[in-house]
Q: 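This structure is in structure tokens; I'll ask about it shortly.
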Amino acid sequence: KAAAAAEKVHEKAVTAAERVHDKAAAAAERVHEKAATAAERVHDTAATAVERVHDKAVATAEQIEARVRERLNEMLVKAIYSAAQHAEKIATRNVQLELDVAPHGFAGRSVAGMVHAIVFEVCEQAVASVTNIMVRKPMPQNLDDPPLMCCGGLFSPLKRVRAELRYVIFPFDKSFIKRLQHPPYLLVLLISSFPHWWVSHCWWLFVLLLIIDKRDEYMLVDFTVTFKASQFIAASLKTFIGTSRLVYCVGHDSCRTDAPGSDEFGWVTVSFFAAQVILTMAT
């Protein structure tokens, strides 16, 4: 009886100990979960705070960098314009002295205007380059806009070539000096100003009929100005060649065979020159 009673007491004690152990383990697990949850919250809060501080620091640094860049850009632009003014004065004076023209005469004012145009063009290019380097502004992009469909359809390769030629001949975002840095434009300039064999005439007739858009006012004005400039260059080259031939034949007493218009195709040369003058005046 004593042994049975002791065994029952032992079983009850073991059961009670197991219950106490289970409750303690459950309580410990709950405490551990609450502690882990609190630690995660603290970590997330700290990470969010650090990220906010980092974003604010980056934004402040970007603002400071942008202000410094803008200030440096303003200083460089002022320095460029100041240097351009001094260079324009010195270049104008030197060219006027070299050509022996009066500063206040017609020739002197023409030289000053030409030098001013060249210096202004170079200055604008330098300012644009400095501004692009110093002030970094992202280009606005509207992703919702559909792509431009300028070259679709059956004749898409020809339309693409036409669009490329339009941009080479009449670029909307390039000045004359910027165009000279583009090799295709130099080739176009050479073709459009070639004074022999109707090359320039045929080229500009091709541009007038097939390349330009006659509904675009900018393109028409640019075509007129560029055409007259190229015809002036071509006429000047033809005049220079004719004068050189005349001087050569007079110096060598061979004007019967070497003078301008003395060959069997002289009437072709005269008709070319007359057509060039008429076409230039007609536009």
Side-chain angles (χ1 to χ4, degrees), residues 1-83 123-164 166-168 171-175 178-179 181-184 218:
K1 289 181 179 179
E7 188 176 356
K8 290 180 180 179
V9 171
H10 179 266
E11 291 177 356
K12 289 181 180 180
V14 171
T15 303
E18 289 179 354
R19 290 177 181 175
V20 171
H21 178 269
D22 293 339
K23 291 182 179 179
E29 187 175 357
R30 291 173 186 173
V31 171
H32 179 267
E33 290 178 356
K34 290 182 179 180
T37 304
E40 288 179 358
R41 291 178 181 175
V42 172
H43 178 268
D44 294 340
T45 304
T48 304
V50 171
E51 187 176 357
R52 291 177 181 175
V53 172
H54 178 266
D55 293 340
K56 289 182 179 179
V58 171
T60 304
E62 289 179 353
Q63 292 178 357
I64 294 174
E65 182 184 3
R67 292 178 182 176
V68 171
R69 284 179 175 274
E70 290 179 357
R71 183 58 181 168
L72 288 176
N73 182 62
E74 292 177 358
M75 296 173 61
L76 289 174
V77 168
K78 289 182 180 179
I80 289 173
Y81 279 119
S82 178
C123 183
E124 288 297 321
Q125 293 293 329
V127 169
S129 300
V130 169
T131 304
N132 291 333
I133 294 173
M134 297 302 299
V135 183
R136 296 179 295 181
K137 294 182 179 180
M139 296 295 294
Q141 296 181 355
N142 191 358
L143 300 180
D144 296 331
D145 290 343
L148 297 177
M149 302 297 294
C150 67
C151 305
L154 180 61
F155 301 99
S156 57
L158 297 178
K159 291 181 180 179
R160 189 175 297 277
V161 172
R162 181 187 184 190
E164 292 291 339
R166 279 183 179 178
Y167 184 71
V168 170
F172 67 96
D173 57 347
K174 292 182 180 179
S175 61
K178 198 68 176 179
R179 295 181 189 182
Q181 300 174 4
H182 194 46
Y218 166 78

Q: Distance-only, no hydrogens or angles: does the Ser82 side chain make a donor-acceptor pair with backbone N or O of Lys78 under 3.5 Å?
A: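 Not confirmed, Ser82 side chain does not pair with Lys78 backbone.
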Q: How long is the straight-line distance from NZ of Lys56 back to CD of Gln63, given to the nearest 0.5 Å?
A: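 Rounded to the nearest 0.5 Å, the CD-NZ separation comes out at 12.0 Å.
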Q: For the CD atom of Glu70 and the CD atom of Glu65, what is their distance to the nearest 0.5 Å?
A: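 So the gap between those two atoms works out to 11.0 Å.
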Q: Are any of the side-chain heavy atoms of Arg71 and Glu74 separated by less than 4.5 Å?
A: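 Yes, side chains in contact.
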Q: Which heavy-atom pair separates Tyr218 from Pro171 by the least distance, and what is that distance?
A: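 In terms of heavy atoms, the two residues are closest at OH-O, 3.1 Å.
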Q: Return the minimal non-hydrogen interatomic distance between Cys123 and Ile80, and the atom names on each side.
A: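 Scanning both residues, the minimum pair turns out to be SG-CG2, 3.6 Å.
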Q: If you compare all heavy atoms of Thr131 against all heavy atoms of Val127, which two are closest, and at what distance to 0.1 Å?
A: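 Smallest interatomic distance, heavy atoms only, reads OG1-O, 2.7 Å.
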Q: Roughly how far, to the nearest 0.5 Å, is CD of Glu40 from OG1 of Thr45?
A: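 Those atoms lie 11.5 Å apart.
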Q: Counting C-beta onward and ignoring hydrogens, is there a side-chain heavy-atom pair between Arg162 and Leu158 closer than 4.5 Å?
A: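 In short, these two side chains do not touch, never coming nearer than 4.5 Å.
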Q: What distance separates Glu29 CD from Asp22 CG, expressed to the nearest 0.5 Å?
A: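 So the CD of Glu29 and the CG of Asp22 are separated by 11.5 Å.
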